[in-house]
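Below, each value reflects all heavy atoms present in this structure, side chains not excepted, and no hydrogens, waters or symmetry copies.
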Amino acid sequence: MKLQHLNQPQQDAVTTIDRPCLVLAGAGSGKTRVITHKIAWLVRQAGYPAHKIRAVTFTNKAAREMKQRAGELLGKDEAKGLRISTFHTLGLNILQREYRLLGYRKGFSILDARDAEDCLAELQHKDSPEPELIKQTQHQISNWKNDFVSPEQALQLAGDPLSHHHAQVYLAYQEHNQACNTVDFDDLIMLPVLLFREQPEVLNKWQDRIHYLLIDEYQDTNTSQYELIKLLCQMRQKLTVVGDDDQSIYAWRGARPENIQRLQQDFRELEVIKLEQNYRSSGRILKVANQLITNNHHLFDKKLWSASGPGEFIRVLPCKNDQDEAQQVVIDIIGKHFQNDERYDDFAILYRGNHQSRLYEKVLRENSVPYQITGATAFFERSEIKDLTAYLRIIANPDDDRALLRIINTPRREIGATTIKGLGEYAAWRHASLSAVLHEAGLQEKLSRKGWFNLQQLADWLDEKRIQAEQTDVMSLTRSLIDELHYADWLQNTSSSTKQAESRMANVEELISWIGNLQKQLDEPTLDKLVSQLTLMSILENSDDDNNAKGVQLMTLHAAKGLEFPHVYLVGFEEDSIPHLQCQDDQGVEEERRLAYVGITRAEKYLTISYAQTRQKYGEVIQCEPSRFIAEMPGEELEGAEHSATNLSEEQKKERGMDSLASLKALLSN
């Protein structure tokens, strides 16, 4: 296998297989190329069977790209059995085989964030708990799970009333999930780790299935993910992890950049290889990024470089206020589009928080500039998709209370709120799931005759569907559900227009197509396994970025990670925005600096950094200061600050604005 098209550090990373390997891959340094070529090297040169190799990453999109590229290098026969997936898909695979050992039953359901939030709200023992309290509890439980703190341990550690409240809800939440045969997103990693720790024979079985493990985006791993890696690899010590500590920007959701240091402690023969040649950005962009990030503490020093030349200076664009900033950025984009024949989808506007997009949307619309916002309603978040996946979930897992409550009156079955409340109270009294008590005589005494009758009709119909699920494939089952529910009519009656109803029904057809594709991909396309895959795809979908969008792309700095654009505008580059007001301690500022570094290294050719002197906030005009990060950049590579619009007279500003608009109109007329 020839590797001449790889640079020397890339070749070293591919061919190092006799010891654990840490590849520190700087932004744009070709990490996916290294991972896919290493997979091919393991199969062709080292003799590993493809089905004994496992590669994991964090998004479905990254997993698909890696699998496609590895398949192209190996060919269909050699790649047969190769597994490339997300961390949580690996965890799900383990749970689907070992669920009995953890006290779960076949067909367990996965709660998405909204289902988990609704469940926690009900367990708060208040009529209407504050949304902020629910969010706090959910976040704390997630942190506990990632750090392997059990509900009992959390209760012992609780040092104040709020922590004690969180721990009590955590205990009730876990008991509820066990009773309803449900797990949440964090359980997909935590439960396999707990199982492996407690039952070495099960761990041995999985160690024998995975002879070589490759990890992408290693800097984003949390404590539980690291423990899973360590357990799977501790026997053979055969692993390669690829990451960049300078791009660790997810501490708020549990990522631990210190896992790089833990790797050195737990794998003593670790080989460290640095990928420092950048194939994306110009020299000046990299110089700015390098100097900025040197202000952070580093376990390993690295310095990105490019062979593509210095490129354009980085422009700093001071603006009078937030509206002026949006106007100047959009006018600049329009000018480059017409003057240099640049495509609108070559431009990206990146900001710290989603709320900052509104002014840019307004100005782009006013100037008829196409744009796309990353973070719009995801496919699996659409109500019609959630309806049908809930039907599949309750058929696969009768104890899934969240799914039953979703479909109980969709479409309408005349099961009123009083009936649903009575069902919930009776099930709680019986310490059972809602479905488990539907046929009990005691329930009949608690409900009206009509409510009881309607519930029995629903329960009997669901039982029929479960029998059908054993006799037919999931795609056929889904089509029968849609027909028997008269779901197209339901959409027509509940949509604001015929066009909207048709659009929603098109989404339903797309879901059926997804199910058909999944049936072909899964080794055992049973209803329970397919539903678990659909739910996991739904949870992970928000992490995937649509890079085929047309028009100027608007997104947060977090969402931009992994993407690249010829023109990048980092807007709202002010104190209390980046670094964020809530991230002012040393650790927080370092993560914010890494976030700025990620934004800078998204740019290929042109980078503009803008900030406003004043900004509207909560109906008031507040004074703003440029971010301290600008002062940390090499001044000789920046241009524009000395010609700030804020230093011009009102007459000069007006004249400049009129000149820009006149030039654009002349271009448009031509």
Task: Inter-residue atom distance Gln613.CD - Ile622.CD1, 0.5 Å rounding - done: 13.0 Å
Task: Sole residue of Leu350, Leu364, Thr374, Val571 in side-chain contact (heavy atoms from CB on, under 4.5 Å) with Leu554 - done: Leu364
Open item on the list: Distance check, rounded to the nearest 0.5 Å: Leu162 atom CG versus His164 atom NE2?
Closed with: 11.5 Å
Open item on the list: Taking the six-membered ring for Trp, are Phe58 and His88 closer than 6.0 Å centroid to centroid?
Closed with: no
Task: Neighbour count >12 (heavy atoms, 6.0 Å) for atom CZ, Arg358 - done: no
- [ ] List in chain and number order the residues that pass side-chain hydrogen bond (donor to acceptor under 3.5 Å, both in side chains) with Thr601, two or more places apart in sequence or in another chain; answer none if no residue qualifies.
- [x] none
Open item on the list: Between Lys274 and Asp301, does any side-chain N to carboxylate O distance fall below 4.0 Å?
Closed with: no
Open item on the list: Within the 4.5 Å heavy-atom criterion, are Val552 and Tyr360 side-chain neighbours or not?
Closed with: no
TODO: Go through the structure and list residues passing salt bridge (Lys or Arg N to Asp or Glu O under 4.0 Å) with Glu227, not counting sequence neighbours.
DONE: Arg197, Lys230, Arg262
- [ ] Would you list the pairs meeting ring pair (Phe, Tyr, Trp, His ring centres under 6.0 Å) in which at least one residue belongs to residues 573-594, sequence neighbours left out?
- [x] none
Open item on the list: Could you go through Gln138 and Gln140, starting from their C-alpha distance and side-chain angles, then the distance that decides it, and tell me whether this counts as side chain to side chain donor-acceptor pair (under 3.5 Å)?
Closed with: CA-CA 6 Å; Gln138 189 173 22; Gln140 181 59 69; over 6 Å; no
TODO: Taking atom types as modelled, find out whether Ser142 and Asp186 have a side-chain donor-acceptor pair closer than 3.5 angstrom.
DONE: yes
Task: Side-chain touch Arg602/Arg280, heavy atoms, less than 4.5 angstrom - done: yes
- [ ] Could I get the full list of side chain to side chain contact (heavy atoms under 4.5 Å, CB included) partners for Ala154, not counting sequence neighbours?
- [x] Trp144, Val149, Ala167, Tyr170
- [ ] Kindly compute the distance separating CZ (Phe87) from CG (Asn222), expressed to the nearest 0.5 Å.
- [x] 8.0 Å
Open item on the list: Within this structure, what is the CG-OG1 distance for the pair Asp187 and Thr182, rounded to the nearest 0.5 Å?
Closed with: 8.5 Å
- [ ] Verify side chain to side chain donor-acceptor pair (under 3.5 Å) between Tyr597 and Asn296, making sure each step is shown before the conclusion.
- [x] CA-CA 11 Å; Tyr597 174 87; Asn296 277 5; over 6 Å; no
Open item on the list: Counting C-beta onward and ignoring hydrogens, is there a side-chain heavy-atom pair between Ser282 and Glu604 closer than 4.5 Å?
Closed with: no
- [ ] Taking all non-hydrogen atoms of both residues into account, name the closest pair between Ile373 and Ser357 and its distance.
- [x] CD1-OG, 4.4 Å
- [ ] Given side chain to side chain donor-acceptor pair (under 3.5 Å), test Arg365 with Tyr371 step by step and report yes or no.
- [x] CA-CA 8 Å; Arg365 282 197 305 268; Tyr371 67 91; 3.1 Å; yes
Task: Under 3.5 Å side-chain donor-acceptor pair for Tyr226 and Asp266 - done: yes
TODO: Please determine if Lys287 and Glu637 form a salt bridge, counting it only when a charged side-chain N lies under 4.0 Å from a carboxylate O.
DONE: yes
Task: Under-4.0 Å salt bridge between Arg593 and Glu590 - done: no
Open item on the list: Using 0.5 Å steps for rounding, measure from the CD1 atom of Ile35 to the OG1 atom of Thr240.
Closed with: 9.0 Å
Open item on the list: Quick check: do Leu90 and Leu228 have side-chain heavy atoms less than 4.5 Å from each other?
Closed with: yes
- [ ] Evaluate the side-chain proximity of Asp332 to Val329: yes if any heavy-atom separation is below 4.5 Å, no if none is.
- [x] no
Open item on the list: Any carboxylate oxygen within less than 4.0 angstrom of a Lys/Arg side-chain nitrogen, looking at Asp112 and Arg114?
Closed with: no
- [ ] Indicate whether the side chain of Thr223 and that of Asp147 have a donor and an acceptor atom separated by less than 3.5 Å.
- [x] yes
Open item on the list: Any carboxylate oxygen within less than 4.0 angstrom of a Lys/Arg side-chain nitrogen, looking at Arg615 and Glu574?
Closed with: yes
Task: Side chain proximity check, Val621 to Gln616, heavy atoms < 4.5 angstrom - done: yes
- [ ] Supply the atom-to-atom distance Asp246 CG to Ile293 CD1, rounded to the nearest 0.5 angstrom.
- [x] 4.5 Å
Task: Salt-bridge criterion met for Glu122 and Arg402 (N-O under 4.0 Å) - done: yes
TODO: Could I get the full list of side-chain hydrogen bond (donor to acceptor under 3.5 Å, both in side chains) partners for Lys605, not counting sequence neighbours?
DONE: none
Task: Nearest non-hydrogen partners of Val316 and Pro318, listed with the distance - done: O-CD, 3.3 Å
TODO: Tell me yes or no: between the side chains of Asn259 and Thr221, is some donor less than 3.5 Å from an acceptor?
DONE: yes
Task: 4.5 Å side-chain heavy-atom contact, His337 and Arg343 - done: no
- [ ] State which residues pass salt bridge (Lys or Arg N to Asp or Glu O under 4.0 Å) with Asp245; sequence neighbours excluded, sorted by chain then number.
- [x] Lys302
- [ ] Compare all side-chain heavy atoms of Phe629 with those of Glu592 and state whether any distance is below 4.5 angstrom.
- [x] yes
Task: Sidechain N-carboxylate O distance under 4.0 Å for Glu639, Arg315 - done: no
- [ ] Would you please test Lys145 and Gln174 for side chain to side chain donor-acceptor pair (under 3.5 Å) and show each step?
- [x] CA-CA 11 Å; Lys145 288 189 175 188; Gln174 289 302 89; 2.9 Å; yes
Open item on the list: Between Asp586 and His297, is there a side-chain donor-acceptor contact under 3.5 Å, judged purely by atom types and distance?
Closed with: no
